[in-house]
Amino acid sequence: QNITAEKKVEERYQRELGYLRRTDENDLVAKGHYNLTRNEVLAYCTKNDCFLGIEPGTSYDDALGMLVGLAYDENERRQTADRLDRGRLIESYQHGQLQHNLVYRRARRGDLPIWISMNIHTYMSPETGDLECFTYAYDNTEKIQSDEIMGRIADEEFDYIGLIFAEADQFEFIKKSPEILFPDVRQRTAYSKCCAYVRKNFVNEDECGPFDAAVDLKNILAGLETANKYVSTYRRTENSELYCKQLDYIWLDKTEKIILVVRTDVTTAFRRDRLQLAHIEAARLEAERANEAKSTFLASMSHDLRTPLNGVIGFTGLALREEDPAKKQEYLKKIDSSGKLLLDLVNDTLELSCVESGKAVLEPETVMPGKLIPAVVTALRPSAELKGVKLVESYRDPQDVPLWCDKLKVQKIALNLISNAIKYTPAGGSVSVSVSRGVGQTQDCGWTLRVEDNGIGISEAFMERMFEPFTQEKRSESVKTPGTGLGLAIVKRYVDLMGGKIDVTSRLHEGTRWAVSLPICEAVDGEIKKQETEVVLRSLAGKRVLLCEDNEMNTEIASMLLKEKGI
């Protein structure tokens with residue numbers, strides 16, 4: 001009889017038994033030997049007792065139940081039970097399938113699951129004729145997790161990973177995102193054809209130069225010869241959106257000139273850099289505008305300071321040489337007028353500078369309505385009467401309800417607007433001042449001051465820049481009207497500081513109407529002193545005073561003023 005086949009089966013069976021006893025790889029976590037015909041575990045060994053507690057003599061079906069219970073989820077439990085089913089293994093052997101492989105996850109409490117790769121070999125026992133199987137379970141967690149992590153990184157971070165075969169001018173995708181349609185993965189295509197496809201479909205004409213330089217094989221090879229790594233970027237357009245792509249080239253096999261290429265989308269960084277550059281450019285332009293404005297401010301201030309200063313110096317020189325007492329007195333009056341204008345200019349400049357530098361802050365207080373706008377009108381009424389201008393007041397709200405506001409800043413706004421109206425209204429004209437409360441033009445701005453005149457008006461051209469410092473409209477009607485050109489600039493900045501709104505309508509030779517809306521409200525539980533403390537000025541005649549002053553001229557002036565009081 002020819003018994004070669006039986007002997008070979010016996011030899012394979014014995015080799016499997018020997019391998020079962022000897023094998024002890026580092027990643028082997030469990031191995032077992034089972035009699036499928038008799039439904040019995042013959043041997044089982046594990047490196048970690050937490051996996052299974054299977055003992056020899058246990059039925060195969062019970063051991064399979066314990067193994068299935070360790071699977072990570074329901075799908076993997078069904079797959080494991082089906083693949084290792086005893087009847088299924090016997091049937092597969094009868095059809096000539098002697099080996100099986102199974103990959104599944106085992107759950108671990110408080111940790112990620114581990115990946116198990118199991119090999120199953122089935123043999124007919126030469127001694128008993130029973131069908132037996134051998135199983136080897138390996139821990140492939142590290143490899144599978146690394147592959148999964150790298151795959152996810154590739155999917156999230158890279159557009160594609162590919163190979164360039166420089167000698168053959170061919171390209172092949174290893175991995176690519178679903179958005180890339182041509183060519184298919186693992187399909188070698190002419191490298192020049194791939195570049196032409198991208199250029200035709202995604203690159204605009206003005207972007208072709210940088211793109212061609214980025215993908216040119218000569219440039220890539222030259223860059224790799226220098227540093228073993230070459231990086232280039234180019235821009236492309238997709239769905240009318242501009243994107244920036246980065247190509248990283250490294251040698252995979254320098255001898256065969258095979259290059260690994262990875263394309264990454266760096267649009268976010270590209271847009272962030274462009275935005276940052278735009279901010280830097282905007283800051284530079286703003287700094288230049290600020291310097292220009294500062295230069296203009298200094299030039300204007302110097303010019304306006306020089307005008308009254310020339311008056312002071314010029315008329316002082318004339319007064320010193322003049323012998324006629326009447327003319328000398330006239331010169332002194334002009335010196336006094338120029339000095340007051342110079343003082344107003346310096347005070348307004350300091351006030352505007354305080355607002356511009358952010359040092360001006362609101363200092364609200366409780367104030368009676370009669371001490372707010374009516375007090376300003378009372379102070380300006382003599383100058384209106386002196387010029388022959390009628391000054392009309394209208395207050396619709398009760399004057400005994402206290403208000404909560406920054407008294408000095410509100411009065412400064414009213415003072416500038418009313419004094420300007422008087423200044424630019426000819427004799428015989430009128431200026432009306434009214435205050436009302438109600439729904440304002442902006443949120444919380446229900447208190448409105450209106451100043452209206454029938455004076456010379458403002459031109460449309462000047463209205464566009466009337467709030468700029470040191471700006472005055474040069475017209476024949478106003479050539480002899482003194483001013484610093486800072487009043488409206490201060491008004492606008494105070495209104496903005498208080499969160500209000502200012503509107504103006506004007507027509508040449510017909511008049512101007514100002515409306516200032518401010519968030520002024522009634523004082524809540526404010527302590528109001530309706531009778532202000534009377535200030536009594538006692539005589540200081542005969543008293544001795546210590547005067548501390550570091551300027552000799554100021555000392556002389558102060559001493560003369562004090563001596564006039566008998567000090």
Side-chain angles (χ1 to χ4, degrees), residues 142-281:
E142 184 175 344
K143 179 180 181 302
I144 293 177
Q145 283 184 348
S146 297
D147 292 344
E148 183 178 5
I149 291 171
M150 292 305 297
R152 292 195 180 186
I153 291 175
D155 291 339
E156 295 294 328
E157 299 296 329
F158 305 138
D159 290 344
Y160 67 74
I161 301 173
L163 297 177
I164 299 175
F165 301 89
E167 291 286 357
D169 186 35
Q170 289 186 327
F171 176 80
E172 177 183 343
F173 277 131
I174 303 299
K175 191 175 185 63
K176 67 172 183 174
S177 66
E179 289 79 14
I180 299 177
L181 303 178
F182 173 83
D184 293 333
V185 175
R186 295 297 180 179
Q187 176 184 325
R188 289 199 185 186
T189 310
Y191 178 70
S192 55
K193 184 177 180 181
C194 296
C195 295
Y197 172 80
V198 176
R199 184 189 301 105
K200 177 183 177 181
N201 292 280
F202 303 105
V203 181
N204 291 334
E205 291 184 6
D206 57 336
E207 300 164 353
C208 284
F211 171 76
D212 291 338
V215 299
D216 184 76
L217 266 179
K218 292 181 180 178
N219 293 340
I220 297 170
L221 292 172
L224 290 176
E225 288 295 335
T226 304
N228 290 327
K229 183 177 181 180
Y230 179 68
V231 180
S232 62
T233 58
Y234 69 92
R235 286 178 290 177
R236 55 183 280 176
T237 304
E238 295 181 38
N239 300 322
S240 301
E241 289 284 338
L242 184 64
Y243 293 87
C244 187
K245 303 295 183 179
Q246 177 174 303
L247 295 167
D248 292 81
Y249 303 95
I250 59 173
W251 286 118
L252 186 65
D253 190 327
K254 190 172 183 179
T255 304
E256 298 295 329
K257 287 189 169 25
I258 301 175
I259 303 167
L260 177 67
V261 54
V262 177
R263 195 182 79 184
T264 313
D265 186 274
V266 292
T267 304
T268 302
F270 170 70
R271 290 174 179 171
R272 184 174 59 247
D273 291 344
R274 291 187 69 182
L275 183 61
Q276 187 174 1
L277 288 173
H279 287 328
I280 293 172
E281 180 65 15

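Residue numbers count from 1 along this sequence. Since the structure is predicted, the reported quantities are computational estimates derived from the model, not experimental observations. Values below: every heavy atom of this structure, side chains too, minus hydrogens, waters and symmetry copies.
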>> I'd like to check the ring pair (Phe, Tyr, Trp, His ring centres under 6.0 Å) partners of Y230; sequence neighbours left out, ordered by chain and number.
In response: Y249
> How would you list, by chain and number, every residue that makes a salt bridge (charged side-chain N to carboxylate O under 4.0 Å, His left out) with D169, sequence neighbours excluded?
Replying inline: none
> Considering all heavy atoms of both residues, which atom of I174 and which atom of V185 are nearest to each other, and what is their separation?
Replying inline: O-CG1, 3.6 Å
>> Does anything in residues 212-222 form a side chain to side chain donor-acceptor pair (under 3.5 Å)? List the pairs, not counting sequence neighbours.
In response: R199-D212
> Are I180 and R263 side-chain neighbours, meaning at least one heavy-atom pair lies under 4.5 Å?
Replying inline: yes
> K176 side chain to P183 main-chain N or O, any donor-acceptor pair under 3.5 Å?
Replying inline: yes
> By ring pair (Phe, Tyr, Trp, His ring centres under 6.0 Å), which residues pair with Y191, not counting sequence neighbours?
Replying inline: none
>> Once side-chain contact (heavy atoms from CB on, under 4.5 Å) is applied, do any residues pair with E167, and if so which ones, sequence neighbours excluded?
In response: K257
> In chain order, what residues pass the side-chain contact (heavy atoms from CB on, under 4.5 Å) check against I250, with sequence neighbours excluded?
Replying inline: K229, L260
> Does the side chain of F202 come within less than 4.5 Å of T237's, by heavy atoms?
Replying inline: no
> T267: what forms a side-chain hydrogen bond (donor to acceptor under 3.5 Å, both in side chains) with it, not counting sequence neighbours?
Replying inline: D265
> Does E281 have any salt bridge (charged side-chain N to carboxylate O under 4.0 Å, His left out) partners at least two apart in sequence or in another chain, and if so, which?
Replying inline: R284
> Any idea which heavy atoms bring T233 and C244 closest together, and the distance?
Replying inline: CB-SG, 4.5 Å
>> Please enumerate all residues that pass salt bridge (charged side-chain N to carboxylate O under 4.0 Å, His left out) together with R235, with sequence neighbours excluded.
In response: none
>> Tell me the closest heavy-atom pair linking C194 and F171, and the distance in Å.
In response: SG-CD2, 3.9 Å
>> Test of understanding: with side-chain contact (heavy atoms from CB on, under 4.5 Å), list the residues that count as partners of V262, not counting sequence neighbours.
In response: F158, I161, T264
> Is the closest side-chain heavy-atom distance between Q170 and I164 below 4.5 Å?
Replying inline: no
>> Restricting to non-hydrogen atoms, name the atom on L181 and the atom on P178 that form the minimum distance, rounded to 0.1 Å.
In response: CD2-O, 4.0 Å
>> Within this structure, what is the CZ-CZ distance for the pair F211 and R236, rounded to the nearest 0.5 Å?
In response: 8.0 Å
> Taking only residues two or more places apart in sequence, or in another chain, which ones meet A190 in a side-chain contact (heavy atoms from CB on, under 4.5 Å)?
Replying inline: S192, K193
>> Please verify the inter-ring angle class for F182 with Y197; under 30° counts as parallel, over 60° as perpendicular, anything in between as tilted.
In response: tilted
> When you measure from the side chain of D253 to the backbone N and O of E256, does any donor-acceptor pair fall under 3.5 Å?
Replying inline: yes
Got a list of side-chain donor-acceptor pairs under 3.5 Å for residues 268-280, not counting sequence neighbours?
unit_1: R271; atom_1: NH2; unit_2: E241; atom_2: OE1; d: 3.4
unit_1: R271; atom_1: NH2; unit_2: L242; atom_2: O; d: 3.1

> Considering only heavy atoms from C-beta outward, does the side chain of T189 approach that of F173 to under 4.5 Å?
Replying inline: no
